[in-house]
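In what follows, a structure is listed as structure tokens, so that the remarks can point back to it.
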Amino acid sequence: MKTTNTNITDVFFDLDHTLWDFEKNSALAFETVFRMQDLEVNMPEFLKFYVPINREYWERYRKDEITQKELRFGRLKDTFDLMELRIDDLIIGQISENYLHYLPKYNHLFDGALLILDYLKPKYNLHIITNGFAEIQGNKLNNSYITPYFKTITNSEMAGVKKPNPKIFDYALGLAKTHKENSVMIGDCIEADIQGALDAGLDAIFFNESNVPVTDNIKQINHLLELKKYL
């Protein structure tokens with residue numbers, strides 16, 4: 001039984017951690033970069049520190065507490081410091097640049113992503129709203145061959161603000177030529193994607209792959225194909 005708004009015409013997706021498997025692709029990119037730099041890095045240990053640090057830095061970036069440059073450098077510097085690896089700041093800068101170059105070249109999507117996009121495409125207008133960097137996000141979409149599914153792609157650089165700011169949702173709605181009462185947002189971040197969309201007047205569905213506890217009023221899925229319950 002479908003329980004979402006039956007007036008939905010437009011479906012907005014987050015990209016990283018929702019359709020595009022960020023953690024898997026990120027690990028592959030780092031393996032490539034460390035090999036290029038001739039750096040001996042224990043990858044399981046690196047990822048144990050880097051993954052939560054990266055999420056923390058993105059949260060600070062989302063709140064405009066730090067710049068893109070500070071995010072890109074700081075997340076690596078903090079990780080290497082915790083690993084007690086003494087790496088020159090210049091080398092960290094090179095690693096950061098190379099990582100951003102190789103990251104979108106990997107194209108692993110979450111299980112069911114292509115199947116659900118094929119299912120939704122004939123029924124709805126599909127869109128992307130992302131806080132990620134414009135050029136990199138575009139390359140991710142192109143290299144994973146999902147760009148043609150989406151009618152519009154909104155990023156925070158275009159909108160001038162980041163999710164959960166309601167202005168980015170208003171910008172995306174305007175670009176899509178649709179209305180909030182006819183739209184639903186799907187994403188992995190409760191604050192940015194779900195509460196942000198709800199506060200902006202859109203419906204929202206939480207992609208809860210990690211099965212974190214949420215309140216009963218939040219619509220959620222644990223696998224992308226479960227969207228068929230709602231759409």
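Model, not experiment: these values are computed from the prediction.
Residue T18 comes nearest to L224 through the heavy atom pair O-CD1, 3.5 Å, listed as atom of the first residue, atom of the second, then distance. Between I8 and Y124, the shortest heavy-atom distance links the atoms O-CE2, 3.4 Å. Residues D21 and F110 share a closest heavy-atom pair of CA-CE1, 3.8 Å. The two residues Q137 and L15 come nearest to each other via the heavy atoms NE2-CD2, 3.7 Å. Nearest heavy-atom pair, P164 versus G196, reported as atom, atom and distance to 0.1 Å: CB-CA, 3.6 Å. A176 and H127 get closest at one heavy-atom pair: CB-CE1, 3.2 Å.
Of the possible donor and acceptor atoms, one in the side chain of S156 sits under 3.5 Å from a partner among the backbone N and O of N131. Under the 3.5 Å distance criterion, the side-chain polar atoms of N107 are matched with a main-chain donor or acceptor of N143. Proximity of a side-chain donor or acceptor of T130 to a complementary backbone N or O of G132 within less than 3.5 Å is detected. At distances below 3.5 Å, at least one donor-acceptor pair connects side-chain atoms of T79 with backbone N or O atoms of R75. The backbone N or O of T178 sits nowhere less than 3.5 Å from a side-chain atom of D10 that would complete a donor-acceptor pair. Proximity of a side-chain donor or acceptor of E157 to a complementary backbone N or O of A134 within less than 3.5 Å is detected. Distance alone, capped at 3.5 Å, places no donor-acceptor pair between the N54 side chain and the Y50 backbone. No donor-acceptor pair closer than 3.5 Å links the side chain of N165 to the backbone N or O of I168.
Under a hydrophobic-cluster definition in which Ile, Leu, Val, Met, Phe, Trp and Tyr are linked whenever side-chain heavy atoms come within less than 4.5 Å, directly or via other members, I194 and I128 are assigned to different clusters. Linking ILVMFWY residues whenever their side-chain heavy atoms come closer than 4.5 Å, directly or via other members, leaves L175 and L141 in distinct clusters. Connection of L90 to I95 is not established within any shared hydrophobic cluster, with ILVMFWY side chains joined at heavy-atom distances below 4.5 Å, either directly or through further cluster members. Under the 4.5 Å side-chain heavy-atom criterion for Ile, Leu, Val, Met, Phe, Trp and Tyr, Y57 and I87 are members of the same hydrophobic cluster. With hydrophobic clusters built from ILVMFWY side chains whose heavy atoms lie under 4.5 angstrom apart, L19 shares a cluster with I221.
Between I129 and D14, every side-chain heavy-atom pair lies at or beyond the 4.5 Å cut-off. Between F12 and L173 there is a side-chain heavy-atom pair separated by less than 4.5 Å. Using a 4.5 Å heavy-atom cutoff, the side chains of F49 and M83 are in contact. Residues F22 and L103 are in side-chain contact: their nearest non-hydrogen atoms beyond the backbone lie under 4.5 Å apart. With contacts defined as side-chain heavy-atom distances shorter than 4.5 Å, the pair M43/F34 qualifies. Within the 4.5 Å cutoff, side-chain heavy atoms of F206 are placed close to those of V212. Between Q37 and I91 the shortest side-chain heavy-atom distance falls below 4.5 Å. Here the side chains of I205 and Q220 are not in contact, with every heavy-atom distance at 4.5 Å or above.
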Next on the checklist: Using the rule given for side-chain contact (heavy atoms from CB on, under 4.5 Å), can you reason through T152 versus L126, listing the C-alpha separation, both sets of side-chain angles and the distance that settles it, and then say yes or no?
Outcome noted: CA-CA 7 Å; T152 69; L126 305 183; over 6 Å; no

Next on the checklist: For a ring pair (Phe, Tyr, Trp, His ring centres under 6.0 Å) check, start with the C-alpha distance between F207 and F13, then their side-chain angles and the critical distance, and finish with the verdict.
Outcome noted: CA-CA 10 Å; F207 177 44; F13 280 95; 9.4 Å; no

Next on the checklist: K180 vs D203, test: salt bridge (charged side-chain N to carboxylate O under 4.0 Å, His left out). Steps then yes/no.
Outcome noted: CA-CA 8 Å; K180 57 185 66 176; D203 197 359; over 6 Å; no

Checklist entry - After noting the C-alpha distance and the side-chain angles of L231 and V184, does the key distance pass the side-chain contact (heavy atoms from CB on, under 4.5 Å) rule? => result CA-CA 10 Å; L231 297 168; V184 61; 4.2 Å; yes

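Counting heavy atoms of neighbouring residues, nucleotides and ligands inside a 6.0 Å radius, atom CD of E135 does not exceed 12 of them. D216 CG: 12 or fewer foreign heavy atoms inside a 6.0 Å radius. For Y102, the OH atom counts as loosely surrounded, since its 6.0 Å shell holds 12 or fewer non-hydrogen atoms of other residues, nucleotides or ligands. Atom CD of Q68 sits in a crowded spot, with more than 12 heavy atoms from other residues, nucleotides or ligands closer than 6.0 Å.
Within the structure, the ring pair (Phe, Tyr, Trp, His ring centres under 6.0 Å) test picks out no pair touching residues 145-197 (sequence neighbours left out). Listed by first and then second residue, the salt bridge (Lys or Arg N to Asp or Glu O under 4.0 Å) pairs involving residues 81-100 are K77-D81, K77-D89 (not counting sequence neighbours).
Partner E191 forms a side-chain hydrogen bond (donor to acceptor under 3.5 Å, both in side chains) with one of K163, K63, R62 and no other, that one being R62.
Seen from the ring of Y119, K228 counts as a face-on cation partner, given the 6.0 Å and 45° thresholds. The side-chain tip of R72 points at the ring of F133 from less than 6.0 angstrom away and within 45° of straight on.
Under the 3.5 Å distance criterion, with hydrogens and angles disregarded, a donor-acceptor pair is assigned to the side chains of T147 and N142. Side-chain contact check for Y106 and S26: no donor-acceptor pair (N or O, by modelled atom type) lies under 3.5 Å.
Summarising the geometry, atom NE2 belonging to H101 is positioned 9.5 Å from atom CG belonging to N139; distances are rounded to the nearest 0.5 Å.
Looking at E45 and K48, no side-chain N of the basic residue comes within less than 4.0 Å of a carboxylate O on the acidic one, giving no salt bridge. Classification of R55 and E23 as a salt-bridged pair holds, one side-chain N sitting under 4.0 Å from a carboxylate O.
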